Q: 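This is the structure, below, for whatever I ask next.
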Amino acid sequence: MPLSSKDLHYLKDELSWELLAMKKCHHYAQESQDPQVRQLIDRVGRIHQQHYETLLSQLQSGVQTTGIQPQPPAGGTMTQ
Amino acid sequence: MQPPYGQQPSTWGAQQNQPQQSTGLPKVKGPEMNDRDRLNDILSTEKYLTTAYNIAVNEASTQQLYQVQMQMLTELHHCQRDLFNLMSQKGWYKTDPAPAQQVTQAAQQFANYRTQFPYA
């Protein structure tokens, strides 16, 4: 199934958020003093990285399917 | 315990002179971030993400995207809950109990509204 442009917008946003979140978790986990805090933040960060991979594969599977779709000419000549 | 959703820690922005027994946090806090700040920031991030994913799930055009994003939304909710639980355990996320009389009154009031139920 091809992605809708809305899907694409959401996927791009989500990928950016997940990337930021995993970086932040990685950074904070290193700085944390308490082992429990460090462990939890590290685990959350890894989940964000998994999510990134999941989202990316959704995007990549959209590449194949949408590639087959004929693209309508940009601008269009239907009016006037 | 109480649901954390839509709430910030009750001591948000005012980490005043509460005794922080065995938390390892300094009594007098400086400008540098501590463990509590870090947990708080990650919790905020998770809350933001769940809100965002919720909208994406509502808008997903295919069943596949709906399911994938729904799954991630659930996992983020679990992360959020784990963060809340740890903060609560450390005494960094205090919730104040509702006045007992107000709870009783509300329970009574909404129990009475059952007369308005349309289904037998």
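Just the heavy atoms: all of them, side chains too, but no hydrogens, waters or symmetry mates, feed the values below. Every chain is numbered from 1, with letters handed out A, B, ... down the list of sequences. Since the model is a prediction, treat every value here as computed from it, not as a measurement.
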Q: Run the side chain to side chain contact (heavy atoms under 4.5 Å, CB included) test on N34(B) and Q33(A) for me, step by step, so that the C-alpha distance in whole Å, both residues' side-chain angles and the decisive distance to 0.1 Å come before the verdict.
A: CA-CA 8 Å; N34(B) 55 44; Q33(A) 310 293 311; over 6 Å; no
Q: Identify the two heavy atoms, one from E14(A) and one from Y53(B), that lie closest to each other, and give their separation to 0.1 Å.
A: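 Scanning both residues, the minimum pair turns out to be CD-CE2, 3.4 Å.
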Q: Could you look at R38(A) and say if it's the side chain, the backbone, both or neither that has a heavy atom under 4.5 Å from chain B?
A: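 Neither; nothing under 4.5 Å.
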Q: Quick one: do V37(A) and W92(B) satisfy side chain to side chain contact (heavy atoms under 4.5 Å, CB included)? Show the steps, please.
A: CA-CA 12 Å; V37(A) 172; W92(B) 296 340; 4.1 Å; yes
Q: Would you say L55(A) and L20(A) are hydrophobically clustered, going by side-chain heavy atoms of ILVMFWY under 4.5 Å?
A: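 They do not share one cluster, since no chain of ILVMFWY contacts under 4.5 Å joins L55(A) to L20(A).
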Q: State yes or no: do Y66(B) and Y10(A) share one hydrophobic cluster built from I, L, V, M, F, W and Y residues joined by side-chain heavy-atom distances below 4.5 Å, directly or via other members?
A: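 No.
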Q: Count I, L, V, M, F, W, Y as connected when their side-chain heavy atoms are under 4.5 Å apart, and connections chain through other members. Are V68(B) and L8(A) then in the same cluster?
A: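 Same hydrophobic cluster.
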Q: Need one label for Q58(A): side chain, backbone, both or neither, based on atoms under 4.5 Å from any heavy atom in chain B.
A: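 For Q58(A), the side chain is the part near chain B, not the backbone.
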Q: Hey, mind stepping through H51(A) and L76(B) against side chain to side chain contact (heavy atoms under 4.5 Å, CB included) and telling me if it holds?
A: CA-CA 10 Å; H51(A) 284 181; L76(B) 293 183; 3.7 Å; yes
Q: Let me see the working for H48(A) and E46(B) under side chain to side chain contact (heavy atoms under 4.5 Å, CB included), right down to the final yes or no.
A: CA-CA 10 Å; H48(A) 287 301; E46(B) 300 308 318; 2.6 Å; yes
Q: In terms of heavy-atom proximity below 4.5 Å to chain B, should L11(A) be classed as side chain, backbone, both, or neither?
A: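 Side chain of L11(A) only, per the 4.5 Å heavy-atom cut-off to chain B.
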Q: Can you name the nearest heavy-atom pair linking S32(A) to D35(B), along with the distance?
A: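 Taking every non-hydrogen atom into account, CA-OD1, 3.3 Å.
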Q: Please name the pair of heavy atoms, one in P2(A) and one in T62(B), separated by the smallest distance, quoted to 0.1 Å.
A: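 Smallest heavy-atom distance, with atoms named: O-CG2, 4.2 Å.
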Q: Measure the CG-CG distance between L40(A) and L83(B) for me, rounded to the nearest 0.5 Å.
A: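 If I round to the nearest 0.5 Å, the distance is 4.5 Å.
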Q: Let's test your reading of the structure: which of T45(B), L65(B), I55(B) forms the most heavy-atom pairs below 4.5 Å with chain A?
A: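 Answer, by heavy-atom pair count under 4.5 Å with chain A: L65(B).
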Q: Do L39(B) and Y28(A) come within less than 4.5 Å of each other through their side chains, counting heavy atoms only?
A: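 The answer is no; the side chains never approach within 4.5 Å.
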Q: So which atom in D7(A) and which in E59(B) form the shortest heavy-atom distance, rounded to 0.1 Å?
A: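 So the minimum-distance heavy-atom pair works out to OD1-O, 4.1 Å.
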Q: Name the atoms and distances for all side-chain donor-acceptor pairs under 3.5 Å in residues 109-120 of chain B, with sequence neighbours left out.
A:
residue : atom : partner : partner atom : Å
Q109(B) : NE2  : Y113(B) : OH           : 3.0
N112(B) : OD1  : Q108(B) : NE2          : 3.3
N112(B) : ND2  : Q108(B) : O            : 3.4
T115(B) : OG1  : N112(B) : O            : 3.1

Q: With a 4.5 Å limit on heavy-atom distance, are the side chains of S61(B) and L3(A) in contact?
A: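 Not in contact.
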Q: Going by heavy atoms in the side chains, are H78(B) and I47(A) under 4.5 Å from each other?
A: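 No - every pair of side-chain heavy atoms lies 4.5 Å or more apart.
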Q: Using the salt bridge (Lys or Arg N to Asp or Glu O under 4.0 Å) rule, collect all pairs that involve residues 61-78 of chain B, keeping only residues at least two apart or in two chains.
A: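 Of all non-adjacent pairs touching residues 61-78 of chain B, none passes salt bridge (Lys or Arg N to Asp or Glu O under 4.0 Å).
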Q: Please report the closest heavy-atom contact between L86(B) and Q36(A), naming both atoms and the distance.
A: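 Closest approach of L86(B) to Q36(A): CD2-O, 3.8 Å.
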Q: Can you measure from CD1 (I42(B)) to NZ (K24(A)) and round to the nearest 0.5 angstrom?
A: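 With rounding to 0.5 Å, CD1 (I42(B)) is 5.5 Å from NZ (K24(A)).
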Q: Does any backbone or side-chain atom of Q89(B) lie under 4.5 Å from a heavy atom of chain A? Answer side chain, backbone, both or neither.
A: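 Looking at Q89(B), just its side chain touches chain A.
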